[in-house]
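What follows is a set of notes on a single structure, which appears directly below.
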Amino acid sequence: MERPVDALIVGAGFGGIYQLHRLREMGLSVKVIDMAGDVGGTWYWNRYPGAMSDTESFVYRYSWDKEDLQTYPWSHHYVKQPDVLAYLTHVVDKYDLRKNMQLNTELLSADWNEDTKTWHIEVSTGETFVARHLVTALGLLSKANYPDIPGLNSFKGEMCHTAAWRPDIQLAGKRVGIIGCGSTGVQVITDIASRVKSLTCFQRHPQYSVPSGNKPVSPEYRKWVNENYDDILCQVKNSICGFGFVESAVPFHQSSPEQRELVFEELWNQGNGFRFMFGGFCDISTNKEANEAACQFIRKKISQVVRDPEKARKLTPHDWYARRPLCDGGYYEQFNRENVDIVDLKDTPMTAITQEGIQTSDGVVHKLDLIIFATGFDAVEGNYNRIRIKGRGGRTLKEHWDPQGPTSYLGVSVPGFPNLFMITGPQGPFTNLPPAIEAHVELISRCIERAEKDRLDGAQGVIEALPEAEKEWGQECDRAADGSLFKETASWIFGSNVAGKKYAMRFYFGGLANYYKYVQSMMDNGFRGFKSPVDNA
Ligand code: FAD
Ligand code: NA7
């Protein structure tokens, strides 16, 4: 028996929780499903030691409950995984959202029925749902990426991916190997180095990391934030990355070498990766000279912090500073510990995982009790490709995205997939995510509102992006990334981290303010780019 709902939402993280609240406010019957055992999304799965936001606490939360913004406690300038999980649980409980949720339930397939104008949805429990609207809040970073290393299953010790961390894993006295030194690897290494017997870090590419500047929040700071939340949120919406600091408008070449050094030093002392990249000069990610100066500054810091010149050499990056910028709570310092070592996989690639540990091309077997995979995610479309979503005429979403890579209109809608709405779908804004998620939820809610009104007026109640709008948005994304060094630097953002994955424009780099403007103008112009009810008749 198919269970009818007005809207089915998949995912109970930041996106799904807010979407549920909005659609319930609109009077719709809504069900949220999630394959996880509880709410939280990213923060349910990523329980690895040291897991923390790199957005500062005051803007890593929802903006729509002012009273909650001013009263909900946070002790530090950054929120750790248990804090974010507790926060999202608190929101769910405060708004009594659990009653519309079904956990431990995976979406397997969704088929659009053109006759009934509904989605027919199969889930892992054997149940089926029928819904007029399907909202996928699957997350950008929720399909874990496991490396394909020969002998992986022969290892006799324990293995764990950071995105599926088991809290029962014991670290004390263990010989630990970690593969991956990205944002996650940096956090894990910093957290566990002092607690394990030995830590061997297997690094393919070193990354530039700056201090986070984390510290306890003073009552004066919190008072200032509370008194200024309206201005803060307005600044966030009118900014490029939405991280709660004013981005610089000063081009690098306008400062003298001495001033540049002072600016970098001040940013280093203040902390935060995005602030370091966007807070001092406006062209670090676009101007090669500016970028190289930032690189040189961080390289100098690495050489000052890391005492062993060989370890420092391995940890020093030489490519552009143009991945998602990292920050840490003392990463480079950990390599001054006797028990922490680094293996440069460019010098000595991994050849196999054996019963005892990881073997590298120099013949050395690094003996280990625990291997941690901090190898990131099959980001953006990874989650979509494992579900069979069939739109008009039985065409799957995967087919629609092959071979050019994933596309959409505004990151939310795809032609041929009526009443399917993605929160942080491909080609959404590359920013602090809560404000971007809120922008998507607002847009999706307006689309659903429009379709429902249309239906109640006797029409079909269907809304869907036009192919030309998807194309135009893709061109807008290309334009926004023009000249960006991010495009020239291999990372998950363009799909380079997963073998065989298509290099594609997966994000809108035009910033939050421009995204909001684009969406507003679309709405002011009668939902330009979406098929009108007349087109659908
Ligand atoms: P998610 O939180 O990823 O939730 C998606 C949910 O969908 C998951 O619970 C998953 O189980 C569920 N799901 C997926 N597929 C299915 C299916 N087929 N069936 C059922 N359920 C399914 N962003 C920032 O802006 N700032 C940060 O500081 C920051 N730090 C991060 C740190 C880590 C370690 C990671 C991994 C990500 C971080 N992010 C950060 C990005 C983070 O993912 C977002 O900020 C935000 O939590 C995403 O919320 P979401 O609801 O869109 O997706
Ligand atoms: P990332 O940033 O994709 O980092 C993954 C790391 O794992 C990175 O250092 C990779 O090296 C490394 N990796 C991946 N596969 C392999 C194999 N096969 N062998 C060796 N090393 C490998 O993921 P994170 O989880 O750290 O961060 C993702 C986002 O989550 C981050 O931006 C935050 O938003 C939170 P590479 O650099 O590809 O050579």
Between the side chains of [X] and [Y], does any donor sit under 3.5 Å from an acceptor?
{"X": "Asn238", "Y": "Tyr516", "value": "no"}
{"X": "Thr136", "Y": "Tyr384", "value": "yes"}
{"X": "Thr360", "Y": "His366", "value": "yes"}
{"X": "Asp65", "Y": "Tyr95", "value": "yes"}
{"X": "Thr190", "Y": "Gln334", "value": "no"}
{"X": "Arg299", "Y": "Tyr208", "value": "yes"}
{"X": "Asp341", "Y": "Thr200", "value": "no"}
{"X": "Glu356", "Y": "Thr354", "value": "no"}
{"X": "Asp83", "Y": "His76", "value": "no"}

Subject >> Thr489, Leu485, Val210 screened by side chain to side chain contact (heavy atoms under 4.5 Å, CB included) with Tyr321, the one that passes >> reply: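 Result: among Thr489, Leu485, Val210, Val210 is the only option passing the side chain to side chain contact (heavy atoms under 4.5 Å, CB included) with Tyr321.
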**OP:** Check the pair Lys301, Glu265 against salt bridge (Lys or Arg N to Asp or Glu O under 4.0 Å), reporting the backbone distance first and the verdict last.
**Re:** CA-CA 10 Å; Lys301 289 289 183 188; Glu265 191 65 41; 3.0 Å; yes
May I ask you to decide whether [X] forms a salt bridge with [Y], counting only side-chain N to carboxylate O separations under 4.0 Å?
{"X": "Arg61", "Y": "Glu56", "result": "no"}
{"X": "Arg204", "Y": "Asp344", "result": "no"}
{"X": "Asp38", "Y": "Arg98", "result": "yes"}
{"X": "Glu158", "Y": "Lys174", "result": "yes"}
{"X": "Asp378", "Y": "Arg386", "result": "no"}
{"X": "Glu220", "Y": "Lys223", "result": "no"}
{"X": "Glu381", "Y": "Lys502", "result": "no"}

Can you tell me if [X] uses its side chain to pair, donor with acceptor, with the backbone of [Y] under 3.5 Å?
{"X": "Lys501", "Y": "Ala379", "answer": "yes"}
{"X": "Ser408", "Y": "Gly425", "answer": "no"}
{"X": "Glu438", "Y": "Ser63", "answer": "yes"}
{"X": "Tyr78", "Y": "Lys215", "answer": "no"}

What is the ring orientation for [X] with [Y], classed by angle as parallel under 30°, tilted 30 to 60°, or perpendicular over 60°?
{"X": "Phe297", "Y": "Trp268", "result": "perpendicular"}
{"X": "Phe245", "Y": "Phe243", "result": "tilted"}
{"X": "Trp64", "Y": "Tyr18", "result": "parallel"}
{"X": "Phe509", "Y": "Phe494", "result": "parallel"}
{"X": "His440", "Y": "Tyr515", "result": "perpendicular"}

**OP:** Could you tell me whether the side chain of Phe335 reaches within less than 4.5 Å of the side chain of Lys311, counting heavy atoms only?
**Re:**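 In short, these two side chains touch, coming nearer than 4.5 Å.
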**OP:** Assess whether atom CD of Gln304 is packed by more than 12 heavy atoms of other residues, nucleotides or ligands within 6.0 Å.
**Re:**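 Yes.
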**OP:** Flag yes if more than 12 heavy atoms outside Asp148 fall under 6.0 Å of its CG atom; otherwise flag no.
**Re:**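 It does not: Asp148 CG has 12 such atoms or fewer within range.
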Subject >> Stepwise side-chain hydrogen bond (donor to acceptor under 3.5 Å, both in side chains) check, Gln19 with Arg22 >> reply: CA-CA 5 Å; Gln19 187 68 73; Arg22 283 291 280 116; over 6 Å; no
**OP:** In sequence, state the C-alpha distance, the side-chain angles, and the governing distance for Ser212 and Asp328, and then conclude on side-chain hydrogen bond (donor to acceptor under 3.5 Å, both in side chains).
**Re:** CA-CA 5 Å; Ser212 63; Asp328 65 81; over 6 Å; no
Subject >> Sole residue of Trp74, Trp43, Tyr72 in ring-ring contact (aromatic ring centres under 6.0 Å, His included) with Tyr87 >> reply: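 With Tyr87 as partner, Trp74, Trp43, Tyr72 yield a single ring-ring contact (aromatic ring centres under 6.0 Å, His included), made by Tyr72.
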Original post:
Looking at Phe58, Tyr60, Tyr221, which one forms a ring-ring contact (aromatic ring centres under 6.0 Å, His included) with His77?
Top reply: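 For His77, the ring-ring contact (aromatic ring centres under 6.0 Å, His included) test succeeds with only one of Phe58, Tyr60, Tyr221, which is Tyr221.
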Original post:
Could you go step by step and tell me if Glu67 and Lys94 meet the salt bridge (Lys or Arg N to Asp or Glu O under 4.0 Å) rule?
Top reply: CA-CA 12 Å; Glu67 187 261 343; Lys94 178 171 176 180; 3.0 Å; yes
**OP:** List the steps and the verdict of side-chain hydrogen bond (donor to acceptor under 3.5 Å, both in side chains) for Ser198 and Asn339.
**Re:** CA-CA 5 Å; Ser198 66; Asn339 66 330; over 6 Å; no
